Amino acid sequence: MGKQKKARKYATMKRMLSLRDERLKEKDRSKPKKKEKKDPSALKEREVPQHPSCLFFQYNTQLGPPYHILVDTNFINFSIKAKLDLVQSMMDCLYAKCIPCITDCVMAEIEKLGQKYRVALRIAKDPRFERLPCTHKGTYADDCLVQRVTQHKCYIVATVDRDLKRRIRKIPGVPIMYISNHRYNIERMPDDYGAPRF
């Protein structure tokens, strides 16, 4: 007869006494917790984000020519790849004067990208671009743009980044500019608010 194989016990724990066990002394035993009953007649509180008064029937009254457009890092890079002049293409898209705005975070991101993106850096330092100073710590541009757009509803956000677009779509009254078919397009501008979406 051979040796009988013993099955190993995996992930076994040391057995502990429950705090309500009868073998424990009275002072060591935990007291049963009483559940607080909720009053059904009490008013239920829930937080709803307060929308600013400038959004009248979802029409943003602060948006108007000259348009201030917050530019993202990848928007400049994709514009260079598509051989588009930023300011001229923005004017062709919106049929009005456009002021591209660039934050310190976006500028720092372009500088971090190095020598390969020196053309993007030269475009970002264009005197037609308005520089917006940042007061927060770090250089993560997405959070910076979302925070700025949430506070001030006077901007259009120019980006190609899917995650940033998804975040901005949750904020009412903020149009998004993006690149498709070698030209700029705008999403959620006030004139199409009334149109049904499919």
Side-chain angles (χ1 to χ4, degrees), residues 47-56 58-94 96-180 183-190:
E47 280 189 35
V48 178
Q50 196 68 34
H51 297 304
S53 59
C54 68
L55 296 178
F56 181 72
Q58 285 192 316
Y59 179 89
N60 192 348
T61 54
Q62 289 182 348
L63 270 179
Y67 294 107
H68 292 269
I69 300 167
L70 277 176
V71 183
D72 191 22
T73 312
N74 54 22
F75 190 80
I76 297 171
N77 295 334
F78 276 85
S79 296
I80 294 165
K81 283 180 186 174
K83 295 178 180 165
L84 293 167
D85 177 34
L86 257 94
V87 180
Q88 189 59 46
S89 299
M90 284 175 182
M91 286 184 181
D92 291 345
C93 177
L94 293 168
K97 189 183 179 201
C98 299
I99 302 165
C101 303
I102 195 157
T103 61
D104 289 345
C105 291
V106 173
M107 206 65 170
E109 254 185 20
I110 296 169
E111 285 168 2
K112 276 182 189 174
L113 289 171
Q115 194 66 20
K116 197 176 176 184
Y117 295 93
R118 62 184 179 277
V119 180
L121 186 62
R122 192 178 297 157
I123 288 170
K125 287 182 177 175
D126 191 322
R128 294 178 292 180
F129 279 52
E130 188 181 306
R131 280 294 293 273
L132 301 171
C134 292
T135 53
H136 59 83
K137 289 180 182 177
T139 58
Y140 187 58
D142 288 11
D143 286 345
C144 175
L145 294 175
V146 169
Q147 180 193 359
R148 199 172 285 269
V149 156
T150 311
Q151 286 173 349
H152 314 286
K153 296 278 195 269
C154 59
Y155 294 112
I156 295 170
V157 179
T159 186
V160 190
D161 186 15
R162 279 184 187 166
D163 295 330
L164 183 58
K165 274 191 201 175
R166 201 172 290 133
R167 284 173 71 182
I168 289 169
R169 280 189 194 115
K170 291 175 185 172
I171 308 164
V174 181
I176 301 167
M177 187 178 274
Y178 60 97
I179 303 169
S180 69
R183 65 196 197 106
Y184 293 169
N185 288 325
I186 197 100
E187 183 182 302
R188 299 198 333 183
M189 264 309 259

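It should be emphasised that the depicted structure is a prediction, and the values quoted were computed from it without experimental measurement. Numbers here simply count residues along the sequence, with the first being 1.
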Once you round to the nearest 0.5 Å, how far does [atom1] of [X] lie from [atom2] of [Y]?
X      : Y      : atom1 : atom2 : answer
Glu130 : Leu70  : CD    : CG    : 9.5 Å
Ile176 : Ile186 : CD1   : CD1   : 9.0 Å
Ile123 : Asp126 : CD1   : CG    : 8.0 Å
Leu63  : Cys154 : CG    : SG    : 7.5 Å
Leu164 : Asp72  : CG    : CG    : 5.5 Å
Leu121 : Ile110 : CG    : CD1   : 6.5 Å

Arg167 vs Asp143, salt bridge (charged side-chain N to carboxylate O under 4.0 Å, His left out): CA-CA, chis, key distance, verdict: CA-CA 10 Å; Arg167 284 173 71 182; Asp143 286 345; 2.7 Å; yes
Side-chain touch [X]/[Y], heavy atoms, less than 4.5 angstrom:
X      : Y      : result
Ile76  : Lys81  : no
Cys101 : Tyr155 : yes
Lys125 : Ile102 : no
Arg183 : Cys93  : no
Pro175 : Glu187 : no
Val146 : Val149 : no
Ile69  : Leu94  : yes
Asn185 : Ile179 : no

Could you tell me which residues satisfy side-chain hydrogen bond (donor to acceptor under 3.5 Å, both in side chains) with [X], sequence neighbours excluded, listed by chain and number?
X      : answer
Thr135 : none
Asp85  : none
Arg131 : Asp104

Evaluate the criterion side-chain contact (heavy atoms from CB on, under 4.5 Å) for residue pair Ile156 and Tyr67; output intermediate values, then yes/no. CA-CA 7 Å; Ile156 295 170; Tyr67 294 107; 3.7 Å; yes
Nearest atoms (heavy-atom pairs only) where [X] meets [Y]:
X      : Y      : value
Cys134 : Arg148 : SG-NH2, 3.9 Å
Ala96  : Pro65  : CB-CB, 3.8 Å
Pro100 : Val71  : CB-CG2, 4.0 Å

What pairs of residues pass the side-chain hydrogen bond (donor to acceptor under 3.5 Å, both in side chains) test when at least one of them lies in residues 108-117, not counting sequence neighbours? Thr73-Glu109, Lys112-Thr139
Please collect all salt bridge (charged side-chain N to carboxylate O under 4.0 Å, His left out) contacts where either partner lies in residues 156-165, sequence neighbours excluded, each pair once. Asp163-Arg166
Please assess Lys153 against Ile171 for the test side-chain contact (heavy atoms from CB on, under 4.5 Å), listing each intermediate value before the final yes or no. CA-CA 9 Å; Lys153 296 278 195 269; Ile171 308 164; 3.6 Å; yes
Filter on ring pair (Phe, Tyr, Trp, His ring centres under 6.0 Å), then keep only pairs touching residues 71-91, sequence neighbours left out; what's left? Phe75-Tyr184
